[in-house]
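Bear in mind that the values here come from a model prediction, so they are computed numbers and not experimental data.
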Amino acid sequence: MSTGVSTSTDKIIVDKSRSHRNKAVSRAVRATRDRLQIATGVSPGFEREMMQLHVASVAQSALAIPVVVMLIAAGGVYLTQEIGLVAWAILALTMHAIGMIVAHRARGREITAENVRRWQRGFLVAQVFMGLAWVAFSLQTCGTCTGVTFDFYKGSALLVALAVTAMSTLMLRHAILGAFLPTVAVLIVLAGLAPAPGTVGMAAIIAAAMLFLVFMTHRLRYTSAQLLSSQSEKDDLIAELEVAKSMSDEARRRAEEANLAKSRFLASMSHELRTPLNAILGFSEVMSTEVLGPLNNPIYKEYTSDIHRSGQHLLNLINEILDLSRIEAGKYDLAEDSVHLVDIAEDCIGMVQLRARAKNITISEQVESGMPAVWADEKALRQVILNLLSNAVKFTPQGGEVVVKAGWTAGGGQYVSIKDNGPGIPEEEIPVVLSAFGQGSIAIKSAEQGTGLGLPIVQAILAKHNGEFILKSKLREGTEAIAILPAKRVLESLPAVSETHAVAPRRKSFA
């Protein structure tokens, strides 16, 4: 099993399987999205907006019906010389004026969700009055006309009026039926009483046109309602996202303030903590080594050794916390120089060799020879290898083995691998041990518990070097930690400069 570790310097690895913390906002956004995707029917909440659109449409097309009426009347008088069409035009304009009065009152008053039905009924009544004018037109006769000329004229006029009414009353439910259903009924009755071809054809065409326009206006009204619904849902979704963003910004601001306060606290407390610890370590070491004289009580000598070990452990913990805090704050500067990775690894092996011998652990080396230097921070790389070696020696049982490898990567970089045959780490605990203060179950049960900051510091230092940290582990087989430096940090060797003889200077001659 192999787990590639991110090079991010965050000290806590994000668990992507974790549910969203802001459940209320997440639930509201999800519900709004569902309403957007699964929208059925026309919501009653949009009746008010549709009525306002109808009022605006009536105001914009106020001259459409009068122009149609005047053209129909003028054309009829010109074709038939029937003066009765003038009286009909006056009646139609009067009925249209009733509708305009209703629209003017609606514009002057606020349309609310409570009175929207009343306004709808008022406009429908105005359309019924206008329909009576069209009934009167359908009953017009012509004594001097022959054939189907007059029926063709009336049918054409009614079709034009039907189309104009459909366009101007698109947002009003049942407006076409209220305006032309009486006319169609009268035409059907006339066709039944006098089944002339012209009358029957005109009745059929007007009825079919009315049904078609009713269907089309219904679909257009439904589409308009859906557009209004989508706009409303989009506004709700934007509002929810704005709320979520503001909450996220506030949480981030508080987190940044808390992190800044933590960094200031650690920076201010570093000297206050280290100064007494240095005194404790120095005096306890003097007492345990009996520099100023023997301790008569051996228990006191044992106590001084315990004090020294505890102070050293506390100092190491403070140093690791400060290192991690500097890395997180971006104040961990690298003192880069030309160093050899193999030499650093060998020095670190010598530093932990004494602890390994105390547990009868064998440390073997497998390094490639002739590896060039790398451009890196020697102190930081030493800390990386020491942390990995200390972990390997700490968790390897008595008589175990630790193998240290150093060589080339496939991409031209260099790596250091430290592998032990200890108990290993369960797969689900690898993100835990890579987080700050995180320890696996085996480390918790072990007598040698650490601070839980070693691997996060290793990961962060390698990230500062543009490198990579890989942790491989199998339960009851061992663990392998690999620190990788990229190829761009490997220094290429230049050939030696050949010696050349100096050129003798030319003598200057003066005339």
Quick one: closest heavy-atom pair of [X] and [Y], and the distance?
X      : Y      : answer
Gly413 : Val490 : CA-CG2, 4.1 Å
Ser61  : Ser168 : OG-CB, 3.5 Å
Phe469 : Ala481 : CE1-CB, 3.9 Å
His465 : Ala380 : CE1-CB, 4.0 Å
Ser338 : Ala373 : OG-CB, 3.3 Å
Ser364 : Glu401 : OG-OE2, 3.5 Å

Is there a donor-acceptor contact under 3.5 Å from the side chain of [X] to the main chain of [Y]?
X      : Y      : value
Ser288 : Ser284 : yes
Thr289 : Val286 : yes
Thr304 : Met287 : no
Lys359 : Val393 : yes
Gln414 : Pro372 : yes

Handout entry: Contacts of type side chain to side chain donor-acceptor pair (under 3.5 Å), residue Glu257, not counting sequence neighbours
Key =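 Once residues adjacent in sequence are excluded, the partners of Glu257 under the side chain to side chain donor-acceptor pair (under 3.5 Å) criterion are Arg253.
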Handout entry: Residues which pass side chain to side chain donor-acceptor pair (under 3.5 Å) with Asn278, listed by chain and number, not counting sequence neighbours
Key =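 With sequence neighbours excluded, Asn278 shows a side chain to side chain donor-acceptor pair (under 3.5 Å) to no residue whatsoever.
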Can you check whether [X] reaches [Y] side chain to side chain, under 4.5 Å on heavy atoms?
X      : Y      : answer
Glu480 : Ile482 : yes
Leu455 : Asn387 : no
Leu124 : Arg121 : no
Met171 : Ser57  : no
Arg355 : Ser390 : yes
Glu346 : Glu365 : yes
Ile418 : Ile385 : yes
Phe395 : Asp420 : no

Spacing of [X] atom [atom1] and [Y] atom [atom2] [to the nearest 0.5 Å]:
X      : Y      : atom1 : atom2 : result
Lys419 : Thr396 : NZ    : OG1   : 12.0 Å
Leu386 : Ile344 : CG    : CD1   : 10.0 Å
Leu220 : Met167 : CG    : CE    : 10.5 Å
Leu170 : His218 : CG    : NE2   : 11.5 Å
Thr479 : Ile430 : OG1   : CD1   : 8.0 Å
His54  : Leu172 : NE2   : CG    : 4.5 Å

Has [X] got more than 12 heavy atoms of other residues, nucleotides or ligands less than 6.0 Å from its [atom1]?
X      : atom1 : value
Asp249 : CG    : yes
Arg118 : CZ    : yes
Tyr415 : OH    : yes

Problem - Intermediate values then yes/no, side-chain contact (heavy atoms from CB on, under 4.5 Å), Arg105 and Trp119 - result: CA-CA 10 Å; Arg105 293 182 60 188; Trp119 286 112; 4.0 Å; yes
Handout entry: Residues Glu336, Arg489; criterion salt bridge (charged side-chain N to carboxylate O under 4.0 Å, His left out); working and verdict
Key = CA-CA 10 Å; Glu336 297 172 313; Arg489 288 195 170 268; 2.7 Å; yes
Problem - Verdict with reasoning, Asp347 to Arg382, per side-chain contact (heavy atoms from CB on, under 4.5 Å) - result: CA-CA 8 Å; Asp347 292 344; Arg382 194 179 300 275; 3.3 Å; yes
Practice task
Applying side chain to side chain donor-acceptor pair (under 3.5 Å), run through Gln120 and Arg117 and close with a yes or a no.
Solution key: CA-CA 5 Å; Gln120 286 179 346; Arg117 295 293 182 184; 3.3 Å; yes
Exercise for the section: Could you point out which residue of Ile484, Leu485, Leu341, Leu388 forms a side-chain contact (heavy atoms from CB on, under 4.5 Å) with Val416? Expected result: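 Exactly one candidate clears the test, Leu341.
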Problem - Pair Val402-Thr362, side-chain contact (heavy atoms from CB on, under 4.5 Å): steps then yes or no - result: CA-CA 6 Å; Val402 175; Thr362 303; over 6 Å; no
Practice task
Please assess Glu477 against Asn421 for the test side-chain contact (heavy atoms from CB on, under 4.5 Å), listing each intermediate value before the final yes or no.
Solution key: CA-CA 6 Å; Glu477 291 188 14; Asn421 58 354; over 6 Å; no
Practice task
May I ask you to say whether Lys405 pairs ionically with Glu368, meaning some side-chain N is under 4.0 Å from a carboxylate O?
Solution key: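 No.
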